[in-house]
Number of protein chains: 4
Amino acid sequence: MVKLKDDKKVTQIFQATVKLVARKGLSGITMGDISKEAGIATGTLYVYFKSKDELINALFAACRENSVQVSFKGYQPNRPFKLGFRQIWLNILRYKLQNFEETVFLEQCYHSPFITAATREKALQLAAPFYELMKRGQQEQLVKSVDSGLLLTFVMGTMNELIRQTHYSGIPLSRSRINTAFDLCWDALKA
Amino acid sequence: MVKLKDDKKVTQIFQATVKLVARKGLSGITMGDISKEAGIATGTLYVYFKSKDELINALFAACRENSVQVSFKGYQPNRPFKLGFRQIWLNILRYKLQNFEETVFLEQCYHSPFITAATREKALQLAAPFYELMKRGQQEQLVKSVDSGLLLTFVMGTMNELIRQTHYSGIPLSRSRINTAFDLCWDALKA
Amino acid sequence: MVKLKDDKKVTQIFQATVKLVARKGLSGITMGDISKEAGIATGTLYVYFKSKDELINALFAACRENSVQVSFKGYQPNRPFKLGFRQIWLNILRYKLQNFEETVFLEQCYHSPFITAATREKALQLAAPFYELMKRGQQEQLVKSVDSGLLLTFVMGTMNELIRQTHYSGIPLSRSRINTAFDLCWDALKA
Amino acid sequence: MVKLKDDKKVTQIFQATVKLVARKGLSGITMGDISKEAGIATGTLYVYFKSKDELINALFAACRENSVQVSFKGYQPNRPFKLGFRQIWLNILRYKLQNFEETVFLEQCYHSPFITAATREKALQLAAPFYELMKRGQQEQLVKSVDSGLLLTFVMGTMNELIRQTHYSGIPLSRSRINTAFDLCWDALKA
DNA sequence: GATGAATGAGATTTCATTCAT
DNA sequence: TATGAATGAAATCTCATTCAT
């Protein structure tokens with residue numbers, strides 16, 4: 001009987017926003033830009049999000065969830081640790097490469113006034129599975145028995161930087177370059 | 001002509017800007033905010049910088065130069081490589097920790113529409129000494145003989161993420177934590 | 001055509017509007033507010049009224065008619081003038097007290113751009129019975145023989161202000177207070 | 001050395017606002033209208049008032065103060081009560097007539113969402129001198145010894161209605177009509 | 001008729017920049 | 001130079017009205 005709120009439209013808005021933030025930065029986008037890019041009227045944005053703030057926060061949360069879900073795709077706990085870790089490492093790398101705009105968006109958000117403490121907190125909780133992964137490696141004595149937060153810092157930090165470099169230098173991430181990068185990472189972690 | 005512009009005032013403006021960007025993000029600051037924080041009138045900002053763009057670009061350049069100059073402080077090429085590398089690594093870490101706001105500012109700038117291609121290019125050139133350092137390590141067969149860009153990606157990525165984590169988690173960077181982090185980094189690089 | 005528009009729904013809309021205007025003023029209400037308060041969809045408002053303007057004008061007219069009809073309830077021209085006048089005075093007072101929101105609505109409308117000249121004119125005509133009443137009092141030499149418009153000004157002015165004061169001060173309108181107010185009014189009018 | 005905030009500009013803004021509200025109602029004015037009428041840029045309004053809300057509240061307070069101050073002009077407590085009361089009554093009448101727009105503005109404000117509880121409270125306190133006046137009349141046994149609030153309700157209510165009627169009927173307030181009106185008022189009050 | 005999402009014109013507000021002092 | 005009020009273009013947000021279902 002009625003036209004109901006459209007999930008597809010939220011996706012459109014999110015995609016438009018991510019694209020624009022990656023291109024022009026968080027400080028360079030307007031609600032007008034977003035609506036134009038999403039192919040809807042400006043007012044319509046406010047049907048789905050009460051304010052620009054809320055839109056950015058919702059998108060931030062969605063991006064975080066997305067990237068976690070993708071990470072563990074195809075991960076089989078019964079297979080050897082290193083293989084599983086590699087799989088996940090590659091999942092993340094592939095996802096971040098293919099969704100570079102999301103990566104940039106997340107990075108931009110971290111120190112922006114848009115992201116509320118609550119949103120930040122929720123993002124942290126999503127990291128739990130990665131901590132589990134590190135612990136398993138340590139139990140199997142394959143990974144250094146140091147603070148797992150520090151290990152993750154290393155894994156994620158280097159990956160992020162790799163993505164950034166790849167994007168800006170223009171050097172394509174060949175299969176061999178990827179392998180080299182993974183080896184560097186593994187050499188760091190391994191017990 | 002009569003008198004050169006007041007250098008102290010430029011410093012005030014830079015400090016105010018860095019502080020505010022770290023707290024509210026690039027997208028959250030206005031010229032009014034900056035002038036208030038710097039303790040001067042809005043109009044005065046325009047005595048020192050033609051526009052907001054110019055101010056941000058100048059500050060970006062200044063920060064980059066700062067951080068490079070500090071990195072090699074106390075570095076003696078004639079001493080063993082690992083010791084020198086460690087020194088530089090610690091220099092950077094200490095600088096970034098103590099000047100967290102600058103670090104955030106630089107990060108925020110990367111994908112902003114403020115930074116011009118020219119400014120970006122100049123920033124890249126400043127990285128030259130680090131490439132040299134990696135090459136030395138390779139010549140001495142202490143460092144893996146892979147693309148030095150990739151190596152630096154690991155060095156910088158770890159450090160940046162470590163700084164961020166430290167700041168947000170509130171976990172203090174104890175000496176042992178620092179040592180562990182360095183070891184991870186070194187294990188990744190070492191041949 | 002098929003079926004007449006739902007009269008109950010018009011009442012709902014009117015009640016919702018009056019309530020909201022009393023609470024937030026004419027300038028503070030939106031069609032969305034009204035529909036929500038009335039428990040219907042925004043679009044449905046437009047089934048019953050071509051526009052916001054029309055809705056307000058129709059409501060204005062309805063309120064005016066209401067208040068006049070109530071005024072003469074129980075008025076018997078054959079009974080003595082003062083008794084009849086008192087009856088009407090009390091009728092109005094009671095009505096305005098019990099329907100304070102309507103009173104506010106009418107007051108708000110007077111200087112609003114919503115009310116058209118035609119609506120205003122029609123409202124004036126509704127006052128005719130009150131002029132008649134004043135004339136009767138004068139013919140019976142109980143009321144001062146001055147311009148009956150002026151007399152009505154006093155009757156209505158007192159009443160309106162009394163209602164407002166009662167509502168805002170919170171002082172309840174006791175029977176004795178009502179009697180005092182009527183006496184003031186009557187002393188002003190009486191020949 | 002500097003251009004300082006200009007009191008004259010506040011007056012301009014107030015005059016423009018009052019004029020427009022009287023013509024188009026509180027719900028019919030925009031900040032754009034006001035700035036145009038005041039002959040300044042829209043942004044300039046926000047130099048003087050943080051928001052539309054604040055502007056309306058400040059104007060409301062100013063109008064109330066204005067009208068009280070004018071009321072007692074030329075009032076000499078040592079002269080007979082009725083003369084003094086008459087003087088004040090005429091002062092108010094004249095002021096409200098000449099500043100009809102202010103009167104309309106105040107009336108429009110009463111039930112608007114703009115006026116805060118605090119502003120309303122302050123307005124009430126300004127009425128103190130009028131209560132004093134009524135008490136004096138009662139002490140001299142010239143005025144009915146009933147609640148002075150009720151007496152004021154009567155005086156003010158009838159005056160407001162008179163102003164309104166005068167303005168809308170187009171019947172000019174001749175000297176004799178004024179005298180008649182005062183007599184009605186006095187007859188009501190007198191002991 | 002009824003619904004409520006969609007629209008876009010227009011309202012409020014912000015802010016980089018200018019300018020009079 | 002230094003100031004901060006003034007500007008107006010542009011951003012955010014609102015809301016009467018329309019329209020697809």
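Sequence lines set the chain letters: A, B, ... in the order given, protein chains first and strands last, and positions in each chain run from 1. Both backbone and side-chain heavy atoms feed into the values below; hydrogens, waters and symmetry mates do not.
Under a 3.5 Å cut-off, the side chain of D/T17 and the backbone N or O of D/I13 do form a donor-acceptor pair. A distance-only check finds no donor-acceptor pair linking the side chain of B/Q69 to the backbone of B/E65 [under 3.5 Å]. At distances below 3.5 Å, at least one donor-acceptor pair connects side-chain atoms of C/Q108 with backbone N or O atoms of D/Q108.
Two rings, from C/F14 and C/F49, have their centers less than 6.0 Å apart.
Electrostatic pairing of A/R164 and A/E107 counts as a salt bridge here, judged by a charged N lying under 4.0 Å from a carboxylate O.
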With both pairing distances under 3.5 angstrom for Watson-Crick or G-U wobble, and | for a partner in another strand, the correct string for DNA chain E is .||||||||||||||||||||
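If you take CD1 of B/I34 and P of E/dC15, they are 12 Å apart, rounded to a whole angstrom. Taking atom NZ of C/K36 as the reference point, atom C1' of F/dC15 lies 12 Å away to the nearest angstrom. As rounded to whole Å, 12 Å separates atom P of F/dA16 from atom CG of C/L20. The distance between atom CD1 of A/I13 and atom C1' of E/dA6, rounded to the nearest whole Å, is 11 Å. Per the geometry, CG belonging to D/L45 stands 14 Å off P belonging to E/dA11, to the nearest Å. The NZ atom of A/K8 sits 14 Å away from the C1' atom of E/dA6 (whole-angstrom rounding). Atom CD in C/Q12 sits roughly 13 Å away from atom C1' in E/dA2 (whole-Å rounding). Protein atom CD1 of D/I56 is 11 Å distant from nucleotide atom P of E/dT13, rounded to whole Å.
Contact check for D/V21 versus D/L59: no side-chain heavy atoms found under the 4.5 Å cut-off. Counting heavy atoms from C-beta outward, C/C109 and C/F114 have side chains that stay 4.5 Å or more apart. A/D33 places a side-chain heavy atom less than 4.5 Å from the side chain of A/K24.
Screening C/V18, C/I29, C/L20 for a side-chain contact (heavy atoms from CB on, under 4.5 Å) involving C/E37 leaves a single residue, C/L20.
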Letter per nucleotide, 5' to 3', of nucleotides 8-14 of chain F [B base touched, S only sugar-phosphate touched, - untouched; heavy atoms, 4.0 Å]: B--SSBB
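Between D/K9 and F/dA6, a side-chain N or O to OP1/OP2 separation shorter than 4.0 Å is present.
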